[in-house]
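Have a look at the structure below, then the notes.
Residue numbering restarts at 1 for every chain, and letters A, B, ... go by the order of the sequence lines. As the structure is a prediction and not an experimental result, all values here were calculated from the model.
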Amino acid sequence: MLTVDIKKFLKEFSLKAAFNADNEIIGIFGHSGSGKTTLLSCISGILTPDEGEIRFNGTVFFSSKEKINFPMQKRKVGYVFQDYMLFPHMTVKQNTRFGIMNKCAKEVPGCSRSVKEILELLKIIDLQERYPHELSGGEKQRVAIARALMISPSILLLDEPFSSLDEPLRENLQEEMMEIQKVFGIPFIWVSHDSREIERVSKKVIVLEKGKVIQSSNR
Amino acid sequence: MTELLYPLYLSFKVAIASTILIFIFGIALSWLLARKNFFGKNFIDVLLNMPLVLPPTVVGFFLLYLLGKNGPIGKILAQSMNLTIVFTLAAAVIASFIMALPLMIRSCKAAFESVDVRLENAAKTLGASDWRVFLEVTLPLAWKGILAGLVMSFARSLGEFGATIMVAGNIPFKTQTAPLAIYSAFQGGNEEQAKLLVLFMTVLSFVTIWVVNSLSKGKDYANR
């Protein structure tokens, strides 16, 4: 289980968020500037919260009381960034393999799936020799997800994953992601400013406004 | 003929040594200035760029003061290792290094800044160490700027005059590099030799700028 209870003071607002996540999809809804990306950055370790703690299954990711800040490199938190953030100088295959270095997937402890399996799961096996600039938006997003899943993450963070895609494609990918969550059985923290998307993918929804949780619901 | 070739040989020797130093320190300093925040950062940034606008003779004067027998650095070197820097080829290397470093830093820093920090963060969330992020993400995306900076620095080192004459002197077959030889030949009425060296330096400068321009025109991964 992931437990988050943190405060992060920023110039524009202060983020104050507390929630738990089991192996399920948690939807985080909020307009732009509500602190959604800041929250994900704190969980992944890109940003350090000012107060509070983040725990995952007994591992302390962050604790201001215990003065622990577990390095982001060791957290094994998969992060799917809003603008994909694919390495432009690497092919699809190289991007996907980046997290397991140049080792064979089986040599990496905890990595149960091969690159081929992941590429097949995300339906991008035919694109493996292409570069990111040769891909469509939807394809790029599939690669970004494959890359994050390749490290066998303990949590997957999705920051507005499909916001730049058209409607029919969006719905397909949303359904696929729900299936993938079942396959991996880990918490997915899914951030979006689209309330319909959040309602469709998650049963547990947290609503953020100006850095505060104004609503938390289980449906 | 040796009178013509030897200054060129010395110039290349100085430029190669200075470019190796610039490669190491230039990349490290540019990365620090582009990516890290530390006390006195702006001051150091300005200080490193000063040789761009200062008269080279002023830079030479400072170096002469620092490296001279009674200067703060020169004294230590003389006492501990019995080493004299001024009026040697080493002084010419240091002068070229200081004069050309800002060109490398400006080009390199801009190249590092053009690499999206979020790409580096993405690499770190995938478990990559800082060193691996630098080698496999930052460096490949910034290489054009780094190479352009190096080419410019090499050419600048090859053509260094003002600071070199102050701190290394103008000693034939010892510290007389091509630009100094041009000056001496012209002063001494040996126009033929001066003309040949001038021609060489002009062609080289033209090629350098051509290379740098074509590097900056090519498609850049970072902007795709």
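- Contacts of B/K174 classified as side-chain contact (heavy atoms from CB on, under 4.5 Å), with partners at least two apart in sequence or in another chain: B/I171.
- In A/F13, the CZ atom is crowded: over 12 heavy atoms of neighbouring residues, nucleotides or ligands sit closer than 6.0 Å.
- More than 12 heavy-atom neighbours from other residues, nucleotides or ligands sit within 6.0 angstrom of CZ on A/F19.
- The CD atom of B/E120 sits 11.5 Å away from atom CD1 of A/I46, with the distance rounded to the nearest 0.5 Å.
- With a 4.5 Å cut-off on non-hydrogen atoms, B/N121 touches chain A through its backbone and its side chain both.
- Here the straight-line distance linking atom NZ of B/K124 with atom OH of A/Y79 works out to 14.0 Å at 0.5 Å rounding.
- The CE atom of A/M85 sits 4.0 Å away from atom CG of B/D116, with the distance rounded to the nearest 0.5 Å.
- With a 4.5 Å cut-off on non-hydrogen atoms, A/A148 touches chain B through its backbone but not through its side chain.
- Under a cut-off of 6.0 angstrom, the local environment of CZ in B/F62 is sparse, with at most 12 non-hydrogen atoms contributed by other residues, nucleotides or ligands.
- For A/Q73 (side chain) and B/A128 (main-chain N/O), a donor-acceptor pair under 3.5 Å exists by modelled atom type.
- Atom OH of B/Y65 has 12 or fewer neighbouring heavy atoms from other residues, nucleotides or ligands inside a 6.0 Å radius.
- Sparse packing is recorded around NZ of A/K93, with 12 or fewer heavy atoms of other residues, nucleotides or ligands lying under 6.0 Å away.
- For the pair B/R132 and A/F98, the cation-pi criterion (under 6.0 Å, within 45° of the ring axis) is fulfilled.
- Residues of residues 7-20 of chain B never come within less than 4.5 angstrom of chain A, heavy atom to heavy atom.
- Annotation for A/F87 and B/L119: closest pair CE2-O, 3.4 Å, computed over non-hydrogen atoms.
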CA sep, side-chain torsions, deciding dist, call: B/T125, A/V77, side chain to side chain contact (heavy atoms under 4.5 Å, CB included): CA-CA 7 Å; B/T125 64; A/V77 173; over 6 Å; no

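- No more than 12 heavy atoms of other residues, nucleotides or ligands sit less than 6.0 Å from atom NZ of A/K74.
- Atom CZ of B/F134 has more than 12 neighbouring heavy atoms from other residues, nucleotides or ligands inside a 6.0 Å radius.
- When all heavy atoms of B/E136 and A/H89 are compared, the closest pair comes out as O-NE2, 2.7 Å.
- Taken to the nearest 0.5 Å, the CG atom of B/L126 stands 9.0 Å off from the CE atom of A/M72.
- Contact of A/L157 with chain B is not made at all, since no heavy-atom distance falls under 4.5 Å.
- Around CZ of B/F38, the count of heavy atoms belonging to other residues, nucleotides or ligands within 6.0 Å exceeds 12.
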